[in-house]
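All chains are named by letter (A, B, ...) in the order of the sequence lines, taking the proteins before the strands, and each is independently numbered beginning at 1.
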Amino acid sequence: MPELPEVETIRRELEKEVVGRKIKAVDITGRRTIRRQKPAEFQAGLVGAKITGSQRKGKYLLMPLDNGSVLVVHLRMSGQLLRAAAKEPKPKHTHVVLDFTQGGQLRFVDPRTFGEMFLATPDEITSEIEELSTLGVDPVETPMSWVDFGHLLRSKNMKLKAFLTDQSMIAGIGNIYSDEILFDAGLRFDRETSSLTTQEIRRLYRSLVEILHEACKYNGSTLADAQYVDIFGKAGTYQEHHQVYDRDKQPCRRCRRGDIQKTKFATRSTFYCEVCQV
DNA sequence: CGATCTACCTGATGGC
DNA sequence: TGCCATCAGGTAGATC
């Protein structure tokens, strides 16, 4: 579910709400959330530790601890991190609860159970764990020049949507934002990376940066099923600014001549305007 | 190597 | 109402 802007919203909030807090207890009730290591090991690595930072790499959240290891969280499709008071009733599908010595909890809630949490050392993150060490540049965290972006794009021969959502190229873009970026850039999802002119590359990169920043500003997108909410349970509002995602059969807001089309690209729903995107 | 599909789950929705 | 099929923001792994 959450892509870069949603994870970034959560990261910012964690910075204010949990950084500096010390973990008093860890309660693991979910069967699948802690799956890279033994639950007892995960628990032992957290209890007594203080969270010293809140970082993001693509769709991964990284919370360094004062004992040298890093708490890594990936929300996948339906994961949520929720700040709550201990006495508040736990929502269904609460799998992991961190209790802080200063009071309050951070809960990991995840109906579809695809999300996960684990502890790793900084070394493992940068060189051993495949998905993390091979992650591409995060375009919000580490901006690059559009020229470098062009080199990256030209180094591959693939369709634009596949390129944008490939986490080893650019980290953090998923199904919603790839469609929004491509619409903004006026490019079709199935254009070949090698077919772009210099001007189109520049336009694509500008759209990519702009759409992601705008979405962060509006705290991400919350769709009808309200799966994505921030740590206070609050929805994002960027969906109000979507030009194509989830707008099939509705008139295109730019050209006002065609309707937004919905199709499939590599099994994923894909939205675009046949008039504006070439 | 890339492209494509499946599996991993629960829950919401829409058709009949 | 209910039953059943389909779909959902992600990604690793298998297969061709």
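A heavy atom closer than 4.0 Å to some atom of DNA chain C occurs in A:Tyr245, these being the qualifying members of residues 234-254 of chain A. Contacts between residues 152-162 of chain A and DNA chain C, defined by a heavy-atom separation below 4.0 Å, involve no residue at all.
By the 4.5 Å side-chain criterion applied to Ile, Leu, Val, Met, Phe, Trp and Tyr, A:Leu132 is assigned to a cluster that also includes A:Tyr60, A:Leu62, A:Val70, A:Val72, A:Phe118, A:Ile125, A:Ile129, A:Leu135. A:Met77 belongs to a hydrophobic cluster whose remaining members, ordered by chain and number, are A:Phe114; membership requires side-chain heavy atoms of ILVMFWY residues under 4.5 Å apart, directly or through intermediates.
Among the candidates A:Arg11, A:Lys57, A:Arg56, the single residue satisfying the salt bridge (Lys or Arg N to Asp or Glu O under 4.0 Å) test with A:Asp138 is A:Arg56.
Residues that satisfy the ring pair (Phe, Tyr, Trp, His ring centres under 6.0 Å) test with A:His151, not counting sequence neighbours, are absent from this structure. Shown here are the side-chain hydrogen bond (donor to acceptor under 3.5 Å, both in side chains) partners of A:Thr193, two or more places apart in sequence or in another chain: there are none. Remark: A:Tyr228 engages no residue in a ring pair (Phe, Tyr, Trp, His ring centres under 6.0 Å) (not counting sequence neighbours).
Of all heavy-atom pairs spanning A:Thr113 and A:Ser78, the tightest one is N-OG, 4.3 Å. The two residues A:Leu61 and A:Val7 have their closest heavy-atom pair at CG-CG1, 3.7 Å.
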Which side-chain N or O atoms in residues 178-188 of chain A pair as donor and acceptor under 3.5 Å with protein atoms at least two apart or in another chain?
{"from": "A:Ser178", "atom 1": "OG", "to": "A:Gly174", "atom 2": "O", "distance (Å)": "2.9"}
{"from": "A:Ser178", "atom 1": "OG", "to": "A:Asn175", "atom 2": "O", "distance (Å)": "3.3"}
{"from": "A:Asp179", "atom 1": "OD1", "to": "A:Lys161", "atom 2": "NZ", "distance (Å)": "2.8"}
{"from": "A:Asp179", "atom 1": "OD2", "to": "A:Phe271", "atom 2": "N", "distance (Å)": "2.7"}
{"from": "A:Glu180", "atom 1": "OE1", "to": "A:Gln243", "atom 2": "N", "distance (Å)": "2.8"}
{"from": "A:Glu180", "atom 1": "OE2", "to": "A:Gln243", "atom 2": "N", "distance (Å)": "3.3"}
{"from": "A:Glu180", "atom 1": "OE2", "to": "A:Val244", "atom 2": "N", "distance (Å)": "3.0"}
{"from": "A:Glu180", "atom 1": "OE2", "to": "A:Tyr245", "atom 2": "N", "distance (Å)": "2.8"}
{"from": "A:Asp184", "atom 1": "OD2", "to": "A:Ser207", "atom 2": "OG", "distance (Å)": "2.8"}
{"from": "A:Arg188", "atom 1": "NE", "to": "A:Asp190", "atom 2": "OD1", "distance (Å)": "2.9"}
{"from": "A:Arg188", "atom 1": "NH2", "to": "A:Asp190", "atom 2": "OD2", "distance (Å)": "3.0"}

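Counting 5' to 3', DNA chain B first comes under 4.0 angstrom of a heavy atom of chain A and last does so at the ends given by B:dG2 to B:dG11.
With DNA chain B read from its 5' end, the first of the two nearest nucleotides for A:Arg32 and A:Ala224 is the one closest to A:Arg32.
Heavy atoms of A:Leu223 sit under 4.0 angstrom from at least one base atom.
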Seminar exercise, completed: Writing each nucleotide of DNA chain C 5' to 3' as (, ), [, ], | or . by Watson-Crick or G-U pairing under 3.5 Å yields .|||||||.|||||||
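Within the structure, the ring-ring contact (aromatic ring centres under 6.0 Å, His included) test picks out no pair touching residues 5-36 of chain A (sequence neighbours left out).
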N/O-N/O pairs, protein side and nucleotides 10-12 of chain C side, under 3.5 Å:
{"from": "C:dG10", "atom 1": "OP1", "to": "A:Lys59", "atom 2": "NZ", "distance (Å)": "2.9"}
{"from": "C:dG10", "atom 1": "OP2", "to": "A:Asn175", "atom 2": "N", "distance (Å)": "3.2"}
{"from": "C:dG10", "atom 1": "OP2", "to": "A:Arg268", "atom 2": "NH2", "distance (Å)": "2.7"}
{"from": "C:dT11", "atom 1": "OP1", "to": "A:His74", "atom 2": "NE2", "distance (Å)": "2.9"}
{"from": "C:dT11", "atom 1": "OP2", "to": "A:Lys59", "atom 2": "NZ", "distance (Å)": "2.7"}

